[in-house]
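Here the structure comes first, spelled out in C-alpha cells, and everything after it is commentary.
All residue numbers in this chain count up from 1 along the given sequence.
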Amino acid sequence: MSGTDWKSYADQLQILQSRGLLIDDAARAQTDLERIGYYCLSGYWYPFRKLKAQPVGLSFREDEFVAGSKFDDVVALYVFDKNLRLMALDALERIERAIRVDVAHLLGERDCFAQHQPSLFHGNFSRRTITHGFHSGKTEHQVWLERYDGLVRQNRRQPFVAHNLTKHQKLPIWVAIEILDFGALSRLFAGMSFADKGAIAAKYGLASGRELEQWLRSLNLIRNVAAHHSRLWNMNILELSPVRQYDAQWQQLNNSRPFMYFCLMQKLLATICPNSGWRRRFVALASAFPEPDNKAVTAQDFGAVAGWQAWGLWA
C-alpha cells in the first residue's frame with residue numbers, strides 16, 4: 001500500500017497476505033486494522049519484513065515478510081508496547097513528583113521566588129550568553145524564564161495560580177514548580193549549582209548531580225514518547241545517559257535501547273517508593289515479551305539482557 005492510495009480495510013488485509021503475513025482469523029485481523037490502524041501497526045510489523053541487501057552499515061526492508069510472520073504476533077507486540085508505555089508513565093509520574101519536591105524545597109529555602117534569581121544557579125546557566133542561533137545574546141536562564149512565563153500564562157486561570165499572582169504578582173517556587181512540564185523541570189534542575197544538584201542526586205544514591213541531570217533528560221524523552229502513544233519498545237534513544245561503568249551488571253546494558261532506562265526508573269523508585277508494586281509488574285511484563293516463533297523480534301531488541309530478573313535492582 002503506497003502512502004497516497006486509499007484502501008479499504010479488506011484491501012489492506014489482502015495486501016498483507018499477498019506479502020506473506022500469515023492471518024489465522026481474517027475477521028479479527030480486520031477488526032484490529034479498524035481499531036488500531038494500518039499505519040500504526042506498520043511500525044510493529046516492520047521488523048518482521050525481510051532485510052534488503054545493502055552496503056555494510058545500512059539496513060532496509062523488503063515489502064515481503066520473513067517466513068512464519070503472523071499478524072497475531074504483530075498485534076501482541078503492539079499490546080506489549082502499549083502496556084510498556086503505561087508502565088513508563090506510571091513510574092515517571094512518581095519520579096517527576098519527587099524531583100519537583102526536591103527542587104522546590106531546596107531552592108525555596110534560598111529564596112521564595114528562587115526561579116527568578118540568577119545568583120542561585122550555575123554560571124553557565126545564569127551568566128554565560130548563547131553565542132549563536134535564535135536565542136543568541138541571552139542566557140539559558142533567560143530562555144528558560146521565557147518558557148516559564150508561557151506556562152504561567154497558560155495556567156493563569158488555575159485558582160492556585162490566579163491567587164498567588166494576585167497576592168504576590170509572581171509565583172513562589174513551590175507553586176511555580178507545579179506548572180512546569182517534565183522538560184522545563186529537567187532543564188531547571190540542569191541549571192542548578194553543582195552543590196545543589198549533587199545534594200539531590202545523593203539522595204538517590206547517584207555519584208553526581210551531572211548523572212541525575214542526564215537521567216532526567218533521557219527520561220523526559222521516554223515520557224514524551226509514552227505520552228504521545230508512539231512506539232517505545234525498540235526505539236533508538238537519542239538523548240543518551242551513559243552506562244554506569246562502576247557496576248558490572250549495568251555494563252551489559254545498551255544505552256541506546258529502552259530497557260536501560262527502565263532500570264534507571266527502578267533505581268530512582270527504590271528510593272521514592274520502595275514498597276511499590278511497580279517493580280514486580282515490570283518484571284512480569286518484560287519477562288513475558290511476545291517473542292514470535294520465527295524470532296523476527298526478540299527481547300534483545302528491547303535491550304533486555306540474559307538473567308536481568310535476578311539482579312538486585314529487580315529481585
Do L89 and F259 land in one hydrophobic cluster if side-chain heavy atoms of ILVMFWY residues count as linked below 4.5 Å?
no

The complete set of salt bridge (charged side-chain N to carboxylate O under 4.0 Å, His left out) pairs with one or both residues in residues 226-249, sequence neighbours excluded, reads E211-R244

CG (L269) and CG (D90) are apart, to the nearest 0.5 Å, by 8.0 Å

TODO: For K197 and A190, indicate whether the former's side chain and the latter's backbone hold a donor-acceptor pair under 3.5 Å.
DONE: yes

The single option from Y261, W314, F282, W311 that satisfies side chain to side chain contact (heavy atoms under 4.5 Å, CB included) with Q266 is W314

Sidechain-backbone polar pair: R94 side chain, L268 backbone, donor-acceptor under 3.5 Å
no

**Prompt:** When the ring planes of F194 and H122 are compared, do they come out parallel, tilted or perpendicular, using 30° and 60° as the limits?
**Reply:** perpendicular

Test your reading of the model: is there a side-chain donor-acceptor pair from R223 to the backbone of N220, 3.5 Å cut-off? no

Query raised in the report: Does atom CZ of R157 have more than 12 heavy-atom neighbours, drawn from other residues, nucleotides or ligands, at distances under 6.0 Å?
Result: no

### Query
Between the main-chain N or O of N164 and the side-chain N or O of H168, is there a donor-acceptor pair closer than 3.5 Å?
no

Is a side-chain donor or acceptor of S69 paired with a backbone partner of V66 at a separation under 3.5 angstrom?
-> yes

What class does the angle between the rings of W45 and Y38 fall in, given that below 30° is parallel, 30 to 60° is tilted and above 60° is perpendicular? perpendicular

Does any non-hydrogen side-chain atom of I237 lie less than 4.5 Å from one of N255?
no

Lys/Arg N to Asp/Glu carboxylate O, R97 vs E178, below 4.0 Å: yes

Notebook entry, point to check: Under 30°, 30 to 60°, or over 60°: which ring-plane class applies to F289 and W233, parallel, tilted or perpendicular?
Noted result: tilted

Margin query: Taking atom CD as the centre, does Q300 end up with more than 12 heavy-atom neighbours from other residues, nucleotides or ligands that are less than 6.0 angstrom away?
Written below: no

Exercise for the section: For R85 and D81, run salt bridge (Lys or Arg N to Asp or Glu O under 4.0 Å): C-alpha distance rounded to whole Å, both residues' side-chain angles, the deciding distance at 0.1 Å, then the answer. Expected result: CA-CA 6 Å; R85 293 194 301 269; D81 194 46; 2.9 Å; yes

| Within the 6.0 Å centroid threshold, strictly below: F48 and F65 | no

